[in-house]
Amino acid sequence: MNPRTSTNPSNLNVLGLTEAPEHSDCRAVSTVLARVGDKWSVLVIMLLVDGTKRFNELKRMIGGISQRMLTLTLRGLERDGLVTRTVFPTIPPRVDYELTDLGRSLAEPVKALGMWAFDNMPDIQAARQHFDTKND
């Protein structure tokens with residue numbers, strides 16, 4: 001991957017300019033947006049809106065996610081303060097996940113974005129088809 005064209009949040013200065021002090025928060029914001037814009041994070045947040053879920057319950061509800069990806073997603077959400085993880089000392093151990101107040105405050109904008117995507121999918125598909133036929 002070419003580091004000058006990467007869309008990685010760590011490569012925000014694509015023009016090679018010195019970062020202006022008033023833009024110093026852009027990198028931090030981009031990492032938050034990367035987390036909340038990740039498809040797995042969005043699905044987990046939406047599933048936890050209804051209440052606490054166990055790991056395997058989440059895995060069953062999210063088609064196509066691997067155990068490793070769910071683990072990484074939940075860890076990232078927990079690190080960002082959006083999800084709490086509670087371990088119960090049973091055999092086998094029981095682990096519950098739930099949204100924090102911060103996570104619940106994110107659920108409404110995420111839901112609105114999802115509804116927008118659903119409502120506009122026919123127009124987006126038509127635009128993609130038009131673009132693809134025009135550029136073939």
Side-chain angles (χ1 to χ4, degrees):
M1 175 177 1
N2 182 342
R4 297 214 28 101
T5 60
S6 172
T7 57
N8 184 322
S10 66
N11 191 24
L12 292 175
N13 190 2
V14 294
L15 299 177
L17 303 173
T18 304
E19 188 175 288
E22 64 270 15
H23 298 287
S24 62
D25 289 338
C26 289
R27 188 164 297 175
V29 169
S30 71
T31 63
V32 172
L33 292 176
R35 165 76 55 225
V36 300
D38 171 77
K39 71 176 179 176
W40 300 122
S41 295
V42 168
L43 289 171
V44 168
I45 289 166
M46 293 314 301
L47 290 171
L48 291 175
V49 166
D50 296 331
T52 302
K53 303 274 188 295
R54 294 171 82 172
F55 183 91
N56 285 329
E57 186 178 6
L58 286 168
K59 188 166 181 332
R60 278 192 303 276
M61 295 173 87
I62 303 174
I65 193 168
S66 68
Q67 184 165 334
R68 175 171 163 67
M69 183 52 66
L70 181 55
T71 299
L72 292 173
T73 300
L74 288 166
R75 267 194 207 144
L77 292 169
E78 184 180 9
R79 181 175 184 250
D80 289 346
L82 301 170
V83 168
T84 58
R85 177 179 185 264
T86 306
V87 180
F88 296 93
T90 59
I91 299 177
R94 180 177 140 200
V95 181
D96 287 349
Y97 294 91
E98 66 181 317
L99 292 177
T100 62
D101 289 340
L102 185 61
R104 279 188 288 284
S105 75
L106 176 61
E108 277 307 309
V110 165
K111 183 179 177 183
L113 182 59
M115 290 306 298
W116 179 90
F118 182 77
D119 292 344
N120 291 284
M121 192 40 114
D123 293 333
I124 293 168
Q125 288 173 332
R128 287 175 179 171
Q129 194 170 31
H130 175 74
F131 180 88
D132 292 346
T133 55
K134 185 176 75 170
N135 292 308
D136 280 342

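Since this is a predicted model, take the numbers as computed values, not measurements.
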Atom CZ of R54 and atom OG1 of T86: how far apart are they, to the nearest 0.5 Å? 12.0 Å
Count the heavy atoms of every other residue, nucleotide or ligand shown that sit under 6.0 Å from CZ of F118, and state whether that count exceeds 12. no
Could you tell me the separation between the CD1 atom of I65 and the CG atom of L43, rounded to the nearest 0.5 Å? 7.5 Å
Taking D80 for its side chain and L82 for its backbone only, find out whether a donor-acceptor pair lies under 3.5 Å. no
Nearest non-hydrogen partners of K59 and Q67, listed with the distance: CE-N, 3.7 Å
Enter the distance from T84:OG1 to D101:CG here, rounded to the nearest 0.5 Å. 10.0 Å
Do V87 and Y97 belong together in a cluster built from hydrophobic side chains that touch within less than 4.5 Å? yes
Please examine the side chains of L74 and R85, heavy atoms only from C-beta on, and report whether any two atoms are closer than 4.5 Å. no
Flag side-chain contact, heavy atom, 4.5 Å: L48 against L58: yes
Under 4.5 Å between side-chain heavy atoms, hopping through other hydrophobics if needed: is there a path connecting L72 to M61? no
Nearest 0.5 Å please: distance from the OG1 atom of T73 over to the NZ atom of K39. 10.0 Å
Residues, nucleotides or ligands: over 12 heavy atoms within 6.0 Å of R94 CZ: yes
Looking only at non-hydrogen atoms, find the nearest pair between V49 and A107 and report the distance. CG2-CB, 3.4 Å
Rounded distance (nearest 0.5 Å) linking atom CG of N135 with atom NE2 of H130: 8.5 Å
Looking at L47, is its backbone amide N or carbonyl O close enough to the side chain of K53 to form a donor-acceptor pair, meaning the two atoms are under 3.5 Å apart? yes
Quick one: closest heavy-atom pair of G103 and I45, and the distance? O-CG2, 4.4 Å
So which heavy atom on V44 is nearest to which on L70, and how close? CG2-CD1, 3.9 Å
Do E98 and D96 come close enough that some side-chain heavy atom pair is under 4.5 Å? no
At what distance, to the nearest 0.5 angstrom, does CG of L113 lie from CD of E108? 12.5 Å
Could you tell me if the side chain of T100 sits less than 4.5 Å from the side chain of V83, heavy atoms only? no
Verify same cluster id: V29, L77 (apolar side-chain graph, 4.5 Å): yes
